[in-house]
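Chain naming here is simple, since letters A, B, ... match the order of the sequence lines and numbering starts at 1 in each.
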Amino acid sequence: MGRPIDGNAHFDIHPATVKERRRYRDLNLLTRLERFMYAFLAAYVCCLLGLHALYYAGIFTAMERDPSSIIHATRTTFVCIFFTLISLQIARRRPSGLLIVAAASYSSATFIEDFLVLESSFFLPENPMAGVLYALRPLFLLMLVYWAVRRRSIEAT
Amino acid sequence: MSDKLSKEELEALRGSTEAVSPNSIAYNLHIRSELARRCFYGLNVCALAFLFVSGTDVMEAWLNQVNAPPEEGVTELKIRSLLVFLFFLWVNLALIFDRFYLEALASSLSVYLYAIVTRFSQFYEHLTLDDFWPFSIFVLLRLVPLALLIMLIKEEVQRTAPDRAD
């Protein structure tokens, strides 16, 4: 049926052409694993921002001023900016590898800070959701670093 | 196909490998632009100056001069020194081996921005008009490495653009 029988049958399963590869890279599609990681990281960030919102609701009604509110506000801003920019780049199908690398580094730096100095910096430690988020933080970091490496390796190919 | 190299090929290979190693800082600086080289030297000088100064009490005295209590919501200077040292190592090793250089610069930029924002937010409610000059010098000192990092990223993105276009 048109299939060569001289040992060159593998030519039927042709590798991706240059044009196809360029198209795939231009579209900057996420792989299945990346989509899973993005879903997990987005859920984590949304829970974290929910915790931030609860914290801010508390400080507006509190009688005493919390001295660490500024650093909390800074972290909220950074998390929002990174999450928005990465999501926007994915939605626009533009390269997002460097942004993910930057987000992973920022998360690692804050983790080191929290681990070594600011022990009570995590929002509302008495909240049950905070406990879950605190326990999942190493997994979050690991996934973010892995995603950064994977995305950069795809984009740099 | 013969796997033996001709005499000319062997000589060319020997000559190119003896001249310079591609895993050397000299070679990897040489293939970059003059501006990138200068920015790289400048960034290293800034990082080394910070690391030397952080070993003394100069930084704490400076923070006291601009009237900001360091214990309020901002981490210790030692952690900042550790982070600066880690990124200094990463950027230099990445340049030497020409691997993850752009990633090292992007990471340094994000962490440095975070450090600047937290440090400046520490000051804003304690500043008075008398602190204008010490604070403006402080801001300028902070902005120099930031500008160098941005320049280095811009140069590196420009340099690697043809590879990505293919």
If you count heavy atoms of other groups shown closer than 6.0 angstrom to CZ of B:Arg99, is the number above 12? no
Kindly indicate whether the side chain of B:Val117, heavy atoms from C-beta on, has any atom under 4.5 Å from the side chain of A:Phe78. yes
Would B:Leu102 and B:Met151 show up in the same hydrophobic cluster when neighbours are defined by side-chain heavy atoms closer than 4.5 Å? no
Same cluster or not: A:Tyr146 versus A:Ile86, using hydrophobic residues (I, L, V, M, F, W, Y) connected whenever any side-chain heavy atoms lie under 4.5 Å apart? yes
Can you tell me how far the CD atom of A:Glu113 sits from the CG atom of B:Leu82, to the nearest 0.5 Å? 10.5 Å
Do A:Ile100 and A:Val145 share a hydrophobic cluster, counting only Ile, Leu, Val, Met, Phe, Trp and Tyr and linking them when any side-chain heavy atoms are less than 4.5 Å apart? no
May I ask whether B:Tyr101 and A:Val149 are part of the same hydrophobic cluster, defined by side-chain heavy atoms of I, L, V, M, F, W, Y residues being less than 4.5 angstrom apart, directly or through others? no
Using a heavy-atom distance cut-off of less than 4.5 Å, which residues of residues 103-112 of chain B contact chain A? B:Glu103, B:Ala106, B:Ser107, B:Ser110, B:Val111
Nearest-0.5 Å distance that lies between atom CG in B:Leu83 and atom OG in A:Ser105: 10.5 Å
May I ask you to test the A:Arg75-B:Tyr114 pair for a side-chain heavy-atom distance under 4.5 Å? yes
For A:Tyr106, is it the side chain, the backbone, both, or neither that has a heavy atom closer than 4.5 Å to a heavy atom of chain B? both
If Ile, Leu, Val, Met, Phe, Trp and Tyr residues are connected whenever their side-chain heavy atoms lie under 4.5 Å apart, and connections chain through other members, are A:Tyr38 and A:Leu49 in the same group? yes
Name the atoms and distances for all side-chain donor-acceptor pairs under 3.5 Å in residues 87-97 of chain B, with sequence neighbours left out.
| unit_1 | atom_1 | unit_2 | atom_2 | d |
| --- | --- | --- | --- | --- |
| B:Asn92 | OD1 | B:Asn44 | ND2 | 3.2 |
| B:Asn92 | ND2 | B:Asn44 | OD1 | 3.0 |
| B:Asn92 | ND2 | B:Phe88 | O | 2.8 |

